[in-house]
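Working notes, structure below.
The structure presented is a predicted model; accordingly, all values stated were derived computationally and were not measured. Side chains included, hydrogens not; waters and symmetry mates left out as well; all remaining heavy atoms used. When a ligand or atom number is given, it counts from 1 through the structure's own listing order.
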Amino acid sequence: MSRSALATIHLGALRHNLARIRVLAPRSRVMAVVKADGYGHGLERVARALSGADAYGVAAIADGQRLRAAGIAHRIVVLSGIDEAGDLLEVRRLELDIVVHHAHQLDLIAADRDARPLRVWLKLDTGMHRLGFDPAHTDALLARLRSQPNVHADIVLMSHFARSDEPAMPATREQLARFASATSAPLAHSIANSAAIVHCPDARQDWVRAGGALYGLSVERNRCGADDGFRPAMSLSSKLIAINRVGRGERVGYGGLYECPEDMDIGVVAIGYGDGYPRSAASGTPVLLNGRVAPIVGRVSMDLMMIDLRAHPEARVNDRVLLWGPDLPVERIAAAAGTISYELTCGITRRVLFLEDED
Ligand SMILES: *Cc1c(COP(=O)(O)O)cnc(C)c1O
């Protein structure tokens with residue numbers, strides 16, 4: 001059997017989502033965040049489709065290498081910055097922007113004898129307590145950076161929200177206030193990620209940094225990207241490889257988790273956690289067969305899952321089965337699996353065949 005699991009990436013949806021962000025944040029430049037292989041959609045593919053972005057955001061220098069090798073000439077911002085002196089050579093060679101979030105990185109820049117100016121995004125910790133400097137030190141940090149000939153004068157000040165996907169919580173407003181009062185220096189500011197672009201007009205500053213929304217994804221409870229005008233950029237599908245009659249009272253799959261309430265047809269779909277479909281998705285999680293819902297029964301296994309075909313008398317071997325996509329939001333599957341949509345799209349494994357379309 002050839003592998004049947006397909007991830008189809010909808011390039012038109014990626015472009016639509018970037019246009020939607022431009023509508024929401026018309027005065028902002030847009031950094032398209034393409035870390036984690038473009039949230040699992042494929043780094044180079046996503047970057048090409050989003051060539052209308054003003055910059056790309058990546059987690060690590062290696063992603064910058066891949067983008068430059070693919071001929072991408074845009075600004076590329078390494079969101080974790082540099083770790084060691086050798087990184088500066090690579091950052092210069094590839095002309096990458098770096099986020100500076102830690103004193104260790106300032107020391108590396110100070111020790112650097114190359115005069116070519118580095119483009120720096122200075123990161124403040126306004127309440128997330130992950131990466132960034134104390135905002136109280138902003139002016140001193142800026143003075144230090146500006147005293148160095150190897151730092152470009154055009155520094156961007158940035159910070160990151162911890163709870164922008166919970167618009168009712170005060171945390172985001174508090175972070176915004178701390179960010180606003182960090183310095184009166186006239187610098188470009190950047191704080192909004194996807195959820196803040198959607199919910200928080202004050203956060204749409206000089207640069208917005210969109211990740212999930214570009215892929216049509218939401219991380220908000222009980223919402224999906226489509227609720228905010230975005231289109232899902234990935235469809236995950238496979239096919240039905242067997243239909244078996246199973247008797248009443250028989251149990252299906254590992255652990256016998258599902259008991260057939262009557263004699264019924266069980267469909268076997270060629271996809272499992274070895275492809276990135278979550279094992280934690282319980283019986284009842286929907287798939288789409290010929291456009292209609294069929295529930296998963298029993299435990300998702302490595303290569304296969306079983307579905308209840310009682311409502312699908314027309315089902316035939318080789319029918320395509322949609323696991324998520326525009327007609328079945330990945331957010332719904334993520335909720336059933338106790339996680340967020342990002343983890344599912346990032347988790348598609350290498351054996352899945354990737355295709356693209358212009359939808
Ligand atoms: C991942 C990331 C983003 C994008 O976040 P989304 O919620 O996916 O839009 C923005 N900024 C930084 C620093 C990030 O690490």
> How close do Asp308 and Ala294 get, heavy atom to heavy atom, and via which atoms?
Replying inline: O-CB, 3.7 Å

> Which of these, Met31, Lys35, Lys123, has its nearest heavy atom closest to atom 1 (C) of ligand 1?
Replying inline: Lys35

> Nearest protein heavy-atom contact for atom 11 (N) of ligand 1: which residue, which atom, what distance?
Replying inline: Arg209 NE, 2.9 Å

> Yes or no on side-chain hydrogen bond (donor to acceptor under 3.5 Å, both in side chains) for Ser164 and Asn193, after CA distance, side-chain angles and deciding distance?
Replying inline: CA-CA 8 Å; Ser164 58; Asn193 65 334; 2.9 Å; yes

>> Could you tell me, atom by atom, which parts of ligand 1 come under 4.0 Å of a heavy atom of Tyr39?
In response: 1 (C), 4 (C), 5 (O), 6 (P), 8 (O)

> What are the atoms of ligand 1, with element, lying closer than 4.0 Å to any heavy atom of Gly212?
Replying inline: 6 (P), 8 (O), 9 (O)

> Looking at ligand 1, does any of its N/O atoms fall within less than 3.5 Å of an N/O of Ala210?
Replying inline: no

> Which protein non-hydrogen atom lies closest to atom 6 (P) of ligand 1, naming both residue and atom, and how far is it?
Replying inline: Tyr342 OH, 3.4 Å

> Given His312, which of Leu289, Ile307, Asp319 fulfils the side chain to side chain contact (heavy atoms under 4.5 Å, CB included) condition?
Replying inline: Leu289

> For Gly211, is at least one N or O under 3.5 Å away from an N or O on ligand 1?
Replying inline: yes

> Can you list the atoms of ligand 1 that are under 4.0 Å from a heavy atom of Ser194?
Replying inline: 6 (P), 7 (O), 9 (O)

> Quick one: CG on Asp327 to CZ on Arg292, what's the gap to the nearest 0.5 Å?
Replying inline: 14.0 Å

> Checking side-chain hydrogen bond (donor to acceptor under 3.5 Å, both in side chains) against His10, which of Asn17, Asp359, Asp357 comes through?
Replying inline: Asp357

> Is it the case that more than 12 heavy atoms not belonging to Glu166 sit under 6.0 Å from its CD atom?
Replying inline: yes

> Near Asn193, which atoms of ligand 1 are under 4.0 Å from a heavy atom of that residue?
Replying inline: 5 (O), 6 (P), 7 (O), 9 (O)

> Tell me, which pairs form a ring pair (Phe, Tyr, Trp, His ring centres under 6.0 Å) where one or both residues lie in residues 58-94, sequence neighbours left out?
Replying inline: Tyr56-His74

